[in-house]
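Here the structure is laid out as C-alpha cells; the discussion comes afterwards.
Nothing here was measured: the structure is a model prediction, and the numbers come from that model. Below, chain A is the first sequence line, B the second, and so on; all start at residue 1.
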Amino acid sequence: MHAHLPILPILIPFAAALLQMACSRLPWQRAVGFAATVLMLLVCGWLTQLSDDGQVRVYALGDWPAPFGIVLVVDRLAAMMSLLCAVLGLATLLYASAGFDERGQHFHPLFQLQLVGLCGAFLTGDLFNLFVFFEVMLLASYTLLAHGGGLARTRAGIAYVVLNLIGSALFLIALGLLYGTLGTLNLADMASRLLGQQHDPALARVAFALLIAVFALKAGLLPLSFWLQPTYSAAGAPVAALFAIMTKVGIVAILRVQAVALAPAIPDLLSGWLTPLALATVGFAALGTLVADRLRALAAWLVLLSAGSLLLTPVHASPQVVTAAIYYLLQSTLTGAALFLVAGLIASQRADCGDYFRAGPPVASWIRIAFLVVAASAAGLPPFAGFVGKLMLLTTLRQTPAGTAIWIVLLGAGFLVMAALARQGCILLWKPQALRVAATPAPAIGWQRALATLLLVAAAPLLAIFAGPLSAYAQRTASQLHAPGAYVAGVLGAQR
Amino acid sequence: MEALLASAIGVLTACGVFLILRARTFPVLLGLTLLSYAVNLFLFASGRLHLDAPPLIRAGATYTDPLPQALVLTAIVIGFGMTGYLAMLALRALAEAGDDRVDPGKDS
C-alpha cells in the first residue's frame with residue numbers, strides 16, 4: 001500500500017471520472033465526485049506527512065527503472081502542492097454541487113480529470129509526461145471554462161485555447177530539442193547529463209529558454225499574460241476558483257526546473273530578464289484592479305498580481321526566498337479562490353446587478369464579513385495570511401540586487417489594490433440602493449455553497465495563526481528543493 | 001534529406017504563424033494545424049534521421065530511435081483532439097455571434 005501511494009492522487013480522480021461517465025445521473029455523479037475528492041484529500045494529507053521525512057519517494061510506472069521508464073517523484077513540494085490541489089478541489093466541488101453543475105453536461109467527469117492533470121503535473125518526474133498532464137489539465141479546463149454557456153465564455157475560450165495550443169507547440173519543440181541534445185526526458189537524468197560534456201551547450205540553453213517561456217505563459221508573465229484576466233473573469237465562480245491553482249502549476253514548474261537542472265548547470269538563464277518582467281506583471285495587474293468593472297474581474301487581476309509576485313523568486317537560489325515563495329503561494333491560491341467564491345455568492349444575491357460595482361440589493365451580512373476578511377488578506381493587510389506572506393517576500397527579497405525596485409513596486413501595488421478593494425467593496429456591499437424596488441427576498445444560498453466559501457475564507461486567518469509551523473515546513477521544502485543532488489540520486493538510484 | 005526536412009519544417013512553421021495571426025477563427029485553426037505538423041516533423045528529427053532502419057535493436061544492424069516515434073504519436077493524438085475541440089468552439093461562437101472574428105470588437 002505504501003509503495004503505491006504516490007500514484008493514488010492521480011488514480012482516484014481518474015477512476016471517479018470513469019465511474020461518473022458510466023452513469024450521467026447527477027446525484028450519482030455528485031456522490032462519486034465527493035467521495036473521490038475526500039479520499040484524495042486524505043491520501044494527499046498522508047503523502048504530505050510521509051514525505052516530510054525528507055526522503056525523495058520514486059514510483060516507477062510499470063516498474064521500468066528511472067531513465068528509461070516514466071517516474072513519479074514525491075518530495076515535500078510535490079506532496080504539498082497535491083494537498084493544496086485536493087483542498088481546493090473539495091471546496092470548489094462542494095460549491096459547484098449546489099446547482100452550478102446543472103447548467104451543462106459532464107461537469108463532474110471533467111472536474112475530476114482537471115484534478116488528474118493538476119496532481120499529475122505536480123508529481124511527475126519526466127518532462128514529456130509533464131506535457132501530457134498539462135494537456136489533460138488544459139483540455140478539462142477548456143470545457144470547464146465553457147460550462148454554463150454564453151457568448152462571453154465562448155469568445156474567452158477561443159483565445160485561451162489558441163494561446164495554449166501555441167504554448168503546447170512550443171513545449172514540444174523544447175522537448176524535441178532537449179531529447180535531441182541530451183538524449184533523455186527524465187528531469188533528474190537531464191540534470192546529471194547537463195553537468196557532463198557530451199552535449200551542445202547552446203542548444204540545451206535554447207531548449208530550456210523555450211521551456212521556461214512555456215511555463216511563463218501558463219504562469220502569466222507579462223508579455224504572455226493578456227489571456228488571463230478575460231478567461232478567469234468569464235469562467236463560472238467555482239471553475240475560476242479552481243483555476244486559481246493553474247497559474248501556480250507554471251510557477252512550481254519553473255521553480256523545480258530552475259532548482260534541479262538550471263541552477264547547477266546554466267545558472268544565468270533566468271537572471272537579468274525575469275525580475276523586470278515579473279515587476280512589470282505586478283504593476284500591470286495592480287493597474288488592472290483599478291479598472292475592473294466587477295468583482296470577478298478584480299479577483300482575476302489579483303491572481304495575476306500574485307503570479308507576478310511569485311515570479312520574482314525563482315531567480316534567487318536562496319532557500320530563504322523560496323521559503324517565502326512557498327508560503328505566499330499557499331495563501332495566495334486559497335485567498336484568490338475564496339474571492340472568486342465570494343464574488344459568486346454576491347452575484348447570486350443581487351439579481352441582475354450581479355457582481356458589477358454598482359449599488360444593488362443588499363447581501364447577507366456574513367457574506368460582507370467574508371468579503372472583508374478575504375479582501376484584507378488579498379490586499380496584504382494584517383492580521384491575515386496575505387500580510388504574513390507579503391512580509392516574508394519583502395524581507396527576504398530586500399537583500400537581493402533589485403531589492404529597492406521590488407520594494408517600491410510591491411508596496412505601490414499593495415496600495416493600489418487596497419484602494420481598489422476598499423472603494424469597490426463599499427459600492428458593492430455598503431452603498432444603499434437609490435431606488436428600492438419591491439423587496440424580493442434574496443434567493444437561498446444553500447449550505448454547500450456557504451460551507452465551501454467559509455472553508456476557503458477561513459484559510460486567511462488560519463494560515464496566519466499557524467504561520468510558524470507552516471513557514472518551518474516551507475523552509476524544509478525549500479531546502480529540499482535546493483539540494484538537487486538528493487533529488488537526482490533518489491530518482492536515478494545509487495548506481496550513478 | 002536533412003535540408004529537405006529542415007526546409008519543410010521551416011515553411012510549415014512560417015505558414016502556420018502567418019495564418020495564426022489572421023483575424024478570423026478559420027485561418028487560425030488552419031494555422032494551428034500547420035504548426036502542429038511542423039512540430040511533429042521536428043520531434044521526428046530529434047531522434048536523428050536514419051533511412052531503412054527499423055526501430056528495433058538487433059545485433060550489428062543499424063536502428064532508428066523508437067522514442068521520438070512514440071512521442072510523435074502522443075503529440076498527434078493530443079493535437080488532433082485539441083483542434084477538434086477548437087473547431088467546435090469556433091462553430092459555436094459563429095452560431096452565437098453571427099461572425100467568426102477572433103476579436104469581439106466594440107459592439108459586442
Side-chain angles (χ1 to χ4, degrees), chain A residues 67-70 104 110 117 126-129 131-143 145-146 149-186 203 207 210 226 230 234, chain B residues 9 12-13 16-17 19-22 24-25 28-29 31-49 65 67-68 70-72 74-79 81-105 108:
Chain A
F68 308 108
I70 292 172
L110 288 167
D126 181 281
L127 285 185
F128 195 81
N129 202 226
F131 165 77
V132 173
F133 279 121
F134 263 31
E135 297 305 308
V136 171
M137 173 183 92
L138 289 172
L139 199 50
S141 77
Y142 300 156
T143 22
L145 170 65
L151 184 59
R153 278 180 195 161
T154 312
R155 276 238 156 94
I158 289 178
Y160 177 65
V161 174
V162 169
L163 212 63
N164 276 300
L165 281 180
I166 299 171
S168 306
L170 279 181
F171 201 156
L172 283 174
I173 293 175
L175 291 178
L177 275 177
L178 283 175
Y179 185 71
T181 38
L182 296 171
T184 181
L185 289 166
N186 182 298
L203 266 183
L210 273 175
F226 299 108
Chain B
I9 294 172
L12 280 173
T13 310
V17 170
L19 284 174
I20 285 170
L21 296 175
R22 309 297 292 172
R24 292 181 182 271
T25 47
V28 171
L29 193 64
L32 282 171
T33 316
L34 288 186
L35 190 65
S36 71
Y37 289 164
V39 167
N40 292 341
L41 282 179
F42 183 83
L43 273 185
F44 239 115
S46 71
R48 306 295 184 271
L49 298 174
D65 192 342
L67 191 73
L71 301 187
V72 168
T74 315
I76 289 174
V77 172
I78 291 177
M82 296 286 182
T83 314
Y85 180 72
L86 183 62
M88 278 311 299
L89 209 58
L91 282 176
R92 196 162 125 185
L94 178 65
E96 281 180 33
D99 67 50
D100 67 341
R101 281 185 302 163
V102 175
D103 182 21
S108 51

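- For Thr25(B), the part lying near chain A is the side chain, with the backbone staying farther off; criterion is any non-hydrogen pair under 4.5 Å.
- Residue contact with chain B, scored on non-hydrogen atoms closer than 4.5 Å, involves the backbone and the side chain of Ile166(A) alike.
- Counting only heavy atoms from C-beta outward, the side chains of Tyr142(A) and Leu86(B) never approach each other to under 4.5 Å.
- With a threshold of 4.5 angstrom between heavy atoms, Ile78(B) approaches chain A through side-chain atoms but not through N, CA, C or O.
- Atoms CE and OG1, from Met88(B) and Thr154(A) in turn, are 10.5 Å apart once rounded to the nearest 0.5 Å.
- At a threshold of 4.5 Å between non-hydrogen side-chain atoms, the residues Leu172(A) and Phe42(B) do not count as touching.
- Summarising the local packing, CZ of Phe68(A) is surrounded by 12 or fewer heavy atoms from other residues, nucleotides or ligands at distances under 6.0 Å.
- In plain terms, the two heavy atoms of Gly176(A) and Ser46(B) that are nearest each other are O-CB, 3.1 Å.
- Looking only at heavy-atom pairs under 4.5 Å with chain A, the residue among Asn40(B), Leu35(B), Asp65(B), Val28(B) that has the most is Asp65(B).
- Heavy atoms only, all atoms of each residue included: Gly157(A) and Leu89(B) are closest at C-CD2, 3.6 Å.
- Top candidate by heavy-atom pairs under 4.5 Å with chain A, chosen from Leu32(B), Thr83(B), Ile20(B), is Leu32(B).
- Both the backbone and the side chain of Leu71(B) come within less than 4.5 Å of a heavy atom of chain A.
- Taken from CG in Leu29(B) to CD1 in Ile158(A), the straight-line distance is 9.5 Å, to the nearest 0.5 Å.
- Within residues 177-185 of chain A, the residues that have a heavy atom under 4.5 Å from a heavy atom of chain B are Leu177(A), Tyr179(A), Gly180(A), Leu185(A), listed by number.
- Applying the salt bridge (charged side-chain N to carboxylate O under 4.0 Å, His left out) test to residues at least two apart or on different chains, the pairs with a partner in residues 86-98 of chain B are Arg92(B)-Glu96(B).
- Neither the backbone nor the side chain of Ala159(A) comes within contact range of chain B, judged by heavy atoms closer than 4.5 Å.
- Going from atom CG of Leu165(A) over to atom OG1 of Thr33(B) covers 9.0 Å, rounded to the nearest 0.5 Å.
- Not one N or O on the side chain of Tyr85(B) forms a donor-acceptor pair closer than 3.5 Å with the backbone of Leu139(A).
- Between the CG atom of Asn164(A) and the CE atom of Met82(B) there is a distance of 8.0 Å, given to the nearest 0.5 Å.
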